[in-house]
Structures are given as structure tokens and as C-alpha cells.
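Numbers here simply count residues along the sequence, with the first being 1. All values derive from a computational prediction rather than experimental measurement.
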Amino acid sequence: TGDYNMPIYWSILGVTAFLGVLSYYFPRPQSKLNTDSGQSTRLFFALFIFGYIILVCGLRSDIADTPVYVDNFNGRTGVFSNIDMEQKGWGFWFLSDVFKTVISSDSQVWLFVIAAVSGLCVLRTMYKHSADFPLTVFIFVATNTYLWMINGIRQFLAAAILFAFSDWLFQKKTVRYLILILLLSTIHNSVLIMIPIYFVVISRPLWNKKIIFFIAVILGCVLFANQFTDFFAEVTGYGSNVLETGGSNFMRVLVSAVPVVLAFWKRKQIKELDSPIMDICINMSVVTTCFYLLSSFTSGIYIGRIPIYFTMYGMLLLPWLLQKVFDRKERAVLYALCVICYVFYFMVDTAGLDYHSRILNL
């Protein structure tokens, strides 16, 4: 049952918290700090935390949509005989065919490698750009974002690879970033949403006309939710599937709005710090909140999955805000509130979640 296997999920949160706190006592030498973030966490701790997450996710079996992926993988016979460019995610399955032919036909090895690639891609950008890596990865785990490595692996693979190349976004290398999006659309076509979003989030200064217009459009879609749902169902081809699904939990809106509210509160100090990277992270967080708001009034399954392309930028933003724009007393209170609230969210969100692993005998 879910209750029996819940300790496996709590163990991920426990390992993350323990190693995160421990890493504060064994920081990197001052001379080796990352110049753009001041990252003080030793790479050993970061790799160990993500290694445990990858281990648990990569060794699972028979949960969520894993059996569907495994059946599809096991049923494939050759690299070129299975190519169908009209199939959703044909690029993903082509790479899977190559993997099966060249590396291993064992579906468990295949699942583990996908989990490893996704996890290491997320680690790359979080480690490089987080002002407080232990807090960033704690939020990643406590919000159960890592569960995408178990359920929705094709979409998360696209999101994780794009996140790994966030430097192209931060440096506004438009052509190569858009080419990457087009390539990743062969893995999951929902990544195409990042093309218009790219031009919204790179705009400065903060709270400019583009981002305000985007907020207004989302609010308009919320006000006319029924018409929007009908339009989305027709355009995407999901049809009645969208109409029959309920909205996502409103708690996700509240959680995603936290860094946005804090950033708006401290907008004067943020303007003085003049950080192009964090300005983009703020815009991404605004987009995340807007999409979660829209999904709570429309479809949690379809619209509610889109924010995975934006939400991890909020995990970079929140620690930066706590480090840079709040004084010592405010920071201590906010850190405590973060831990308490995120643990509560984790507890509610994991209630009843199941876990199976034939290899771990769970």
C-alpha cells in the first residue's frame, strides 16, 4: 500500500535535508566558489543527494505510467523499423531504439539511465546558479518535483535538458536556444510553449509591459475558462479528455506564488542588485504561478503539466532572495517558515503514494 511504502519518499527528503545541513559545515574553499552564485556546497554533497534521488527513481517498477513505457520499450524491435514521425515523442523512441540496440535491451537499465540523465541535467543548473544549493534541492524534493522522474518521464526529460542549457536563456542566445527547443519537441511537443515564453521572460525591466500583458491574458483565460478549455481541446487534439479532467490543486498556486510575492515586496532592492539572471527567474516564477492558476480552473492533467518548464527557476530564485534582499533576522524567520511549510506540503502531497521496486524488493 501507499502508507507502507511512504518511508521511501520520506527517506529522500531526509537524505536531502541531512546532507544539505551537513554541507554547510564543510563548505568549498573561498577561492573555489562559483563566481556567479557564490555556491559554497561541495560537489560531493550535491552528487550524493542527486545520486540517491536517481537511485530511487531509476530502480522503480510497476508504478504510475512506468508499465506503459516499459511495455512500449520491450515491444520495439529495431532502430529504423519503428520510426514514425507522426507518433508523439518519436525522437524519444528513436533514441530508445538506439539505446536498446547499442547499450542494453533491459528496460530497468533504460529507466535508470533516463532518471540519471534527467537528474544530472537538473543538478547542473541548480549547482551552478543557486545561491544556496541545499535549500534549492530541498525545495525540489519537498515540492515533489523529482517525482516527474517516475511519472511523466518523457516530458520531464525534455524539461530537464532545456533546464541544463539555461545559460543560453540567461545569455539570450536566441537562435541556439530555439533550435534546442525544436529538437526537444521530438521528445515531447509541449516544450514548444517555451518559444513564446522565451520572449516574455527575457524582457527587462521587471514588471514590464510584456509580463503584465501575459498576466492579463492568463487572467482573461481564467475568466473565460470554459471557452478556453474548449479551444485548447480542439487545438491540441485532446478533445473530450481535457473536458473530462478536473483542475489542479489550488495549493500549487499558493506554493508557486511565494517567490513572486517576495520578489514584488522587495522589488526596489532587487532593482538595485541588477541581476539579469534573477530577473529572468522572477519572470519564470510569474509564468509558473499564472499557469498553475489557469490549470486550477481548467485541466490539471494537461495545463497543469506545462509549468514543469518554468517551476525550477523559482527554486533558484527563492534562496537568492533570502540571501540577498533580507536582513539576518528576516532571513532566519523565512528559512524556518520555508522548512515548515514545505515539509507540510510534502506530507500532504505524498500521502497515499505507492512505490514498487523489484530490485529493491519493495
Side-chain angles (χ1 to χ4, degrees), residues 65 68-69 72 83-96 113-126 129 140 145-202 214 217-218 221 232-233 235-238 241-242 248 252 256 280-281 283-292 294-295 298-316:
D65 58 7
V68 176
Y69 278 99
N72 204 326
I83 296 177
D84 178 6
M85 291 190 178
E86 294 184 0
Q87 180 187 19
K88 290 181 180 179
W90 66 266
F92 174 84
W93 291 113
F94 171 73
L95 291 174
S96 298
V113 169
I114 293 173
V117 171
S118 299
L120 292 174
C121 282
V122 172
L123 168 62
R124 182 183 188 275
T125 293
M126 285 187 173
H129 292 290
F140 176 71
T145 306
Y146 76 95
L147 287 179
W148 278 86
M149 294 162 66
I150 291 176
N151 186 26
I153 59 173
R154 189 163 56 86
Q155 186 174 357
F156 189 66
L157 180 62
I161 293 173
L162 191 62
F163 188 64
F165 287 89
S166 292
D167 284 340
W168 292 357
L169 168 65
F170 297 147
Q171 296 165 13
K172 300 180 182 178
K173 295 182 177 179
T174 304
V175 174
R176 64 179 66 179
Y177 193 72
L178 296 186
I179 290 174
L180 177 61
I181 290 172
L182 293 175
L183 289 173
L184 292 176
S185 70
T186 67
I187 294 176
H188 203 284
N189 60 12
S190 64
V191 74
L192 292 172
I193 190 67
M194 285 300 296
I195 294 178
I197 294 300
Y198 170 82
F199 293 101
V200 171
V201 299
I202 63 171
F214 177 82
V217 168
I218 294 296
C221 291
F232 180 82
V235 169
T236 58
Y238 287 125
N241 291 335
V242 175
S248 58
R252 295 186 183 276
S256 65
I280 289 175
C281 288
N283 287 339
M284 281 289 198
S285 297
V286 171
V287 172
T288 302
T289 304
C290 287
F291 267 95
Y292 273 134
L294 179 60
S295 71
T298 53
S299 169
I301 292 179
Y302 295 101
I303 307 296
R305 285 174 168 257
I306 298 296
I308 191 56
Y309 295 110
F310 330 122
T311 188
M312 288 183 285
Y313 293 93
M315 299 170 195
L316 300 177

(request) Just do the side chain to side chain contact (heavy atoms under 4.5 Å, CB included) check on F140 and L123 with the steps written out, would you? (result) CA-CA 10 Å; F140 176 71; L123 168 62; over 6 Å; no

(request) Anything under 30° is parallel, anything over 60° is perpendicular, the rest tilted; go ahead and classify F310 against F291. (result) tilted

(message) Within the 4.5 Å heavy-atom criterion, are V117 and V113 side-chain neighbours or not?
(response) yes

(request) Start with the C-alpha gap between N283 and Y313, add the side-chain angles, then the distance that decides, and say whether side chain to side chain contact (heavy atoms under 4.5 Å, CB included) holds. (result) CA-CA 9 Å; N283 287 339; Y313 293 93; over 6 Å; no

(message) So which atom in A160 and which in C121 form the shortest heavy-atom distance, rounded to 0.1 Å?
(response) O-CB, 3.3 Å

(request) Under the side chain to side chain contact (heavy atoms under 4.5 Å, CB included) rule, what do S190 and R305 come out as? Steps first, then yes or no, please. (result) CA-CA 9 Å; S190 64; R305 285 174 168 257; over 6 Å; no

(message) Measuring only between side-chain heavy atoms, which start at C-beta, is F170 closer than 4.5 Å to H129?
(response) yes

(message) Checking the side chain of T186 only, and the main-chain atoms of L183 only, is there a donor and an acceptor separated by less than 3.5 Å?
(response) yes

(message) According to side chain to side chain donor-acceptor pair (under 3.5 Å), who are the partners of S285, at least two apart in sequence or on a separate chain?
(response) none

(request) Can you measure from CE (M312) to CZ (F156) and round to the nearest 0.5 angstrom? (result) 4.5 Å

(request) Indicate yes or no: at least one non-hydrogen side-chain atom of R124 is less than 4.5 angstrom from one of D167. (result) yes

(message) The criterion is ring-ring contact (aromatic ring centres under 6.0 Å, His included); which residues satisfy it with Y309, sequence neighbours excluded?
(response) none

(request) Kindly give the heavy-atom pair with the smallest separation between L184 and A158, and that separation in Å. (result) CD1-O, 3.5 Å

(request) Measure the CD1-CH2 distance between I181 and W168 for me, rounded to the nearest 0.5 Å. (result) 10.5 Å

(request) Under the side chain to side chain donor-acceptor pair (under 3.5 Å) rule, collect the residues that match up with Y198, sequence neighbours excluded. (result) T174

(request) Dump the intermediate steps for side chain to side chain contact (heavy atoms under 4.5 Å, CB included) on L169 and L162, then the final yes or no. (result) CA-CA 9 Å; L169 168 65; L162 191 62; over 6 Å; no

(message) If I compare all heavy atoms of T289 with all of S256, which pair ends up nearest, and what's the gap?
(response) OG1-O, 3.1 Å

(message) My understanding is that only residues two or more places apart in sequence, or in another chain, count here; which of them pass side chain to side chain donor-acceptor pair (under 3.5 Å) with T145?
(response) T143

(message) Once side chain to side chain donor-acceptor pair (under 3.5 Å) is applied, do any residues pair with K172, and if so which ones, sequence neighbours excluded?
(response) none

(request) Hey, could you give me the OG/CH2 distance between S96 and W90, rounded to the nearest 0.5 Å? (result) 12.5 Å

(message) Would you compute the distance between atom CD of Q171 and atom CD1 of I202 and round it to the nearest 0.5 angstrom?
(response) 13.0 Å

(message) Could you tell me if the side chain of V201 sits less than 4.5 Å from the side chain of F214, heavy atoms only?
(response) no

Please tabulate, for side-chain N and O atoms in residues 146-154, each donor-acceptor pair with protein atoms closer than 3.5 Å (sequence neighbours left out).
unit_1: R154; atom_1: NH1; unit_2: I187; atom_2: O; d: 2.8

(request) Kindly compute the distance separating CE (M284) from CE (M194), expressed to the nearest 0.5 Å. (result) 3.5 Å

(request) Please report the shortest heavy-atom distance between I218 and C290, naming the atom on each side. (result) CG2-O, 3.3 Å

(request) With rounding to the nearest 0.5 Å, note down the distance linking CD1 in I308 to CD1 in I193. (result) 14.5 Å

